Amino acid sequence: MAKAGNMEAYQLLHKGMLALARAERQGIRIDMDYVNRKKQQMTNKIEHLEEDFRDTKFFKDWQKRSKAKININSGQQLGDYLYKVLKIKVGKETKSGMGSTDEEALKQLNIPELDYLVKISKLKKIRDTYLDGYTREQVEGYIHPFFNLNTVVTYRSSSNSPNFQNVPKRDEFAMQTVRSAMFPRPGHLLLEVDYSGVEVRINACINKDKNLIKYIKDPTTDMHRDIAIQIFKLDEYDEKIEGHKTLRQAAKNGFVFPQFYGDWYKSCAENVACNWGELPKTKWKAGMGIAIGNTYLSNHLISKGILSYDKFTEHLKEMEADLWKNRFPEYAKWKDVWFAKYQKKGYIDLPTGFRCQGVMNKKQVCNYPGQNGGFACLLWSFIEADRIMQEENWDTRLIGQIHDSILLDVLPSELDHVVEVLYRITCTDLPKAWKWINVPLDVDMEICKVDEPWSKKKKYAFR
DNA sequence: GGAACTCGCCAC
DNA sequence: AAACGTGGCGAGTTCC
């Protein structure tokens with residue numbers, strides 16, 4: 001509920017709803033011939049994999065020892081067989097305490113036949129959630145995803161029918177398969193304008209941590225680089241050296257962001273070592289993990305005295321303490337003060353004018369301002385761009401939004417002007433309108449050539 | 001036959 | 001002491 005009498009927060013939602021409705025009505029073009037072709041291809045592939053799986057000893061035994069007909073899509077039936085019939089010791093558990101059958105759990109079991117099931121479910125996810133969703137939702141070759149402003153506790157948006165905010169990106173195959181279905185209108189191009197690190201910047205405005213602000217203001221510094229150097233005990237960071245960029249990514253997505261959200265060192269250690277460094281949870285030997293320059297990550301860490309996963313975990317425990325005690329002490333202090341204030345009042349008032357109330361834990365109380373503020377920046381910019389688009393009679397259209405980015409379907413002759421306007425709105429006009437934004441904002445842009453699908457987007461050097 | 005649940009997985 | 005914040009959605013399952 002917006003703070004009583006706060007017109008600014010109300011207006012943001014009201015105008016936002018109207019601007020988003022225009023994008024919904026416009027829609028995104030889908031190449032339905034491609035979608036149908038691809039779905040058929042994937043169905044054939046899935047059938048082959050299923051046949052191969054049914055031919056394995058593993059499956060035949062599973063079927064023999066089961067009363068009913070096996071459904072190979074059922075995690076529950078698989079879990080029963082693995083953990084109750086075969087009595088394999090449960091490694092990973094689900095939230096409710098059952099033996100997990102997710103990809104990670106199955107990998108740990110070292111049963112090669114289970115690879116079939118992992119492959120099949122990945123293909124089905126792409127086919128049934130995304131491509132089939134577009135078939136179901138399209139009207140004359142356009143999907144019209146909804147963007148809701150009334151569903152999320154932090155006043156972020158959500159999207160449905162189809163959800164436009166969870167289209168695959170990281171997995172290369174899934175990304176290619178799904179995003180190759182999405183096109184601009186004929187003769188147009190797709191442009192994505194993306195606020196860079198907006199949640200962190202908003203958090204800095206709120207918690208006013210001097211070290212965090214310095215990282216944002218001084219372009220010669222790089223927080224994720226510095227943390228990568230510390231995590232991996234690098235003597236130097238050079239993105240030209242093989243593997244260093246990956247280590248920076250690992251530091252950013254495996255440690256810094258999870259820590260900011262309230263995660264703890266043990267799960268960060270798994271993120272960083274297992275997911276990004278590809279190191280096992282054992283004592284390390286030479287030649288393990290990703291390549292770093294002309295050696296391997298394990299060799300490098302061993303040379304620095306980190307001989308095993310356990311040692312690495314201890315190292316991250318120290319880094320966690322260092323992060324909050326030395327690197328961002330004012331941020332840590334703010335969390336305590338902010339939570340104490342919530343406990344006293346029962347709600348939090350955010351600089352955007354919104355109020356969050358109800359039962360919340362400390363992590364929620366401390367995460368909501370950044371999430372709220374980041375999206376509020378996006379929505380304000382979206383509204384402005386929508387207003388100018390109408391005022392100046394653009395043929396270019398806003399067609400979607402993904403929390404901190406805007407997707408536009410652009411008439412090529414309008415591109416330069418659209419880019420200029422979007423850059424001005426996001427990085428100049430917004431900080432002028434909202435005085436509490438006292439760090440610089442920045443955007444990245446990505447673009448596809450005329451008549452190319454969203455899978456082809458490339459960095460756009462607009463400055 | 002549908003509502004409500006769990007699980008798994010996609011995004012920021 | 002416990003251990004990552006916000007969503008949507010498909011499939012399987014259970015309950016009414």
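Small disclaimer: the values here were computed from a predicted structure and weren't measured. Lettering follows sequence order; numbering is per chain, from 1.
- For A:V153, taking side-chain heavy atoms from C-beta onward, the closest of the listed nucleotides C:dG7, B:dC7, B:dC12 is C:dG7.
- Note on A:Q371: a base of the nucleic acid sits closer than 4.0 angstrom, heavy atoms only.
- The CG-P distance, from A:D102 to B:dT6, rounds to 17 Å in whole Å.
- Side-chain atoms of A:K125 and base atoms of B:dC9 include a donor and an acceptor less than 3.5 Å apart.
- Residue contacts shown for A:S159 are limited to sugar-phosphate atoms, with no base heavy atom under 4.0 Å away.
- Comparing A:P162 and A:T154, the nucleotide of DNA chain C nearest to each residue sits closer to the 5' end for A:T154.
- One finds no salt bridge joining A:D132 and A:R127 here, because no Lys/Arg side-chain nitrogen approaches an Asp/Glu carboxylate oxygen to under 4.0 Å.
- Of the charged side-chain nitrogens involved, none lies within less than 4.0 Å of a carboxylate oxygen, so that A:R225 and A:E239 do not count as a salt-bridged pair.
- A ring-centre distance under 6.0 Å is found for A:F257 and A:H224.
- Taking the six-membered ring for Trp and the full ring otherwise, A:F375 and A:Y155 have centroids separated by 6.0 Å or more.
- With rounding to whole Å, A:F146 atom CZ is found 15 Å from C:dC9 atom C1'.
- The NZ atom of A:K122 sits 11 Å away from the C1' atom of B:dC10 (whole-angstrom rounding).
- At least one side-chain nitrogen or oxygen of A:K169 sits closer than 4.0 Å to the OP1 or OP2 atom of B:dC12.
- Taking atom C1' in both B:dC9 and C:dA1, one finds a spacing of 29 Å when rounded to whole Å.
- In the interface, the side chain of A:R170 is not paired with the base of B:dC10 through any donor and acceptor atom under 3.5 Å apart.
- Nearest to the side-chain atoms of A:K363 among the listed nucleotides C:dG5, C:dG8, C:dG10 stands C:dG5.
- Under 4.0 angstrom from either OP1 or OP2 of C:dG10 there lies at least one side-chain N or O belonging to A:R136.
- Ring pair A:F59/A:Y116: centre-to-centre distance not below 6.0 Å.
- For A:Q77 and C:dT13, the shortest distance from a side-chain N or O to OP1 or OP2 is below 4.0 Å.
- Residue contacts shown for A:S405 are absent, as no nucleic acid heavy atom lies under 4.0 Å away.
- A distance of 12.0 Å separates NZ in A:K266 from CG in A:L316, rounded to the nearest 0.5 Å.
- Taking 4.0 angstrom as the limit, A:Q259 places none of its side-chain polar atoms (N or O) nearer than this to OP1 or OP2 of C:dC4.
- Using a 4.0 Å cut-off between charged nitrogen and carboxylate oxygen, A:D80 and A:K84 count as a salt-bridge pair.
- Atoms CG (A:N166) and C1' (C:dG10) sit 11 Å apart, rounded to a whole Å.
- Contact between the side-chain N/O atoms of A:N73 and the OP1/OP2 oxygens of C:dG12 is found at a separation under 4.0 Å.
- Residue order along DNA chain C, read from the 5' end via each residue's closest nucleotide, puts A:W264 first among A:W264 and A:H403.
- Out of C:dT13, B:dC7, C:dG7, the shortest distance to the side chain of A:Q76 is found at C:dT13.
- With rounding to whole Å, A:Q364 atom CD is found 14 Å from C:dA2 atom C1'.
- When the P atom of C:dC9 is taken as reference, atom CD of A:E137 falls 8 Å away, rounded to whole Å.
- Checking the phosphate oxygens (OP1, OP2) of C:dT13, a side-chain nitrogen or oxygen of A:S74 falls inside 4.0 Å.
- A:N367 comes within 4.0 angstrom of sugar-phosphate atoms only, judged by non-hydrogen atoms across all strands, and of no base.
- Remark: A:E452 does not engage A:K458 in a salt bridge, criterion side-chain N to carboxylate O under 4.0 Å.
- Across all strands shown, A:E103 has heavy atoms under 4.0 Å from sugar-phosphate atoms exclusively, and none from any base.
- OP1 and OP2 of B:dC10 both lie 4.0 Å or more from every side-chain N or O belonging to A:T129.
- A:G262 comes within contact range of the sugar-phosphate backbone alone, with a heavy-atom separation under 4.0 Å but no base atom that close.
- Nucleic acid contact for A:Y368: sugar-phosphate only, since backbone atoms but no base atoms lie under 4.0 Å from a heavy atom of the residue.
- Remark: P of B:dC7 and NZ of A:K92 are 12 Å apart, rounded to the nearest angstrom.
- Here A:N71 lies in heavy-atom contact (under 4.0 Å) with sugar-phosphate atoms only.
- At the heavy-atom level, A:Y130 lies under 4.0 Å from the strands shown only through sugar-phosphate atoms.
- For B:dT6, neither phosphate oxygen OP1 nor OP2 lies less than 4.0 angstrom from any side-chain nitrogen or oxygen of A:T94.
- When heavy atoms are screened at a 4.0 angstrom cut-off, A:S100 is found touching the sugar-phosphate backbone but no base atom.
- Between the CD1 atom of A:I126 and the C1' atom of C:dA11 there is a distance of 16 Å, rounded to whole Å.
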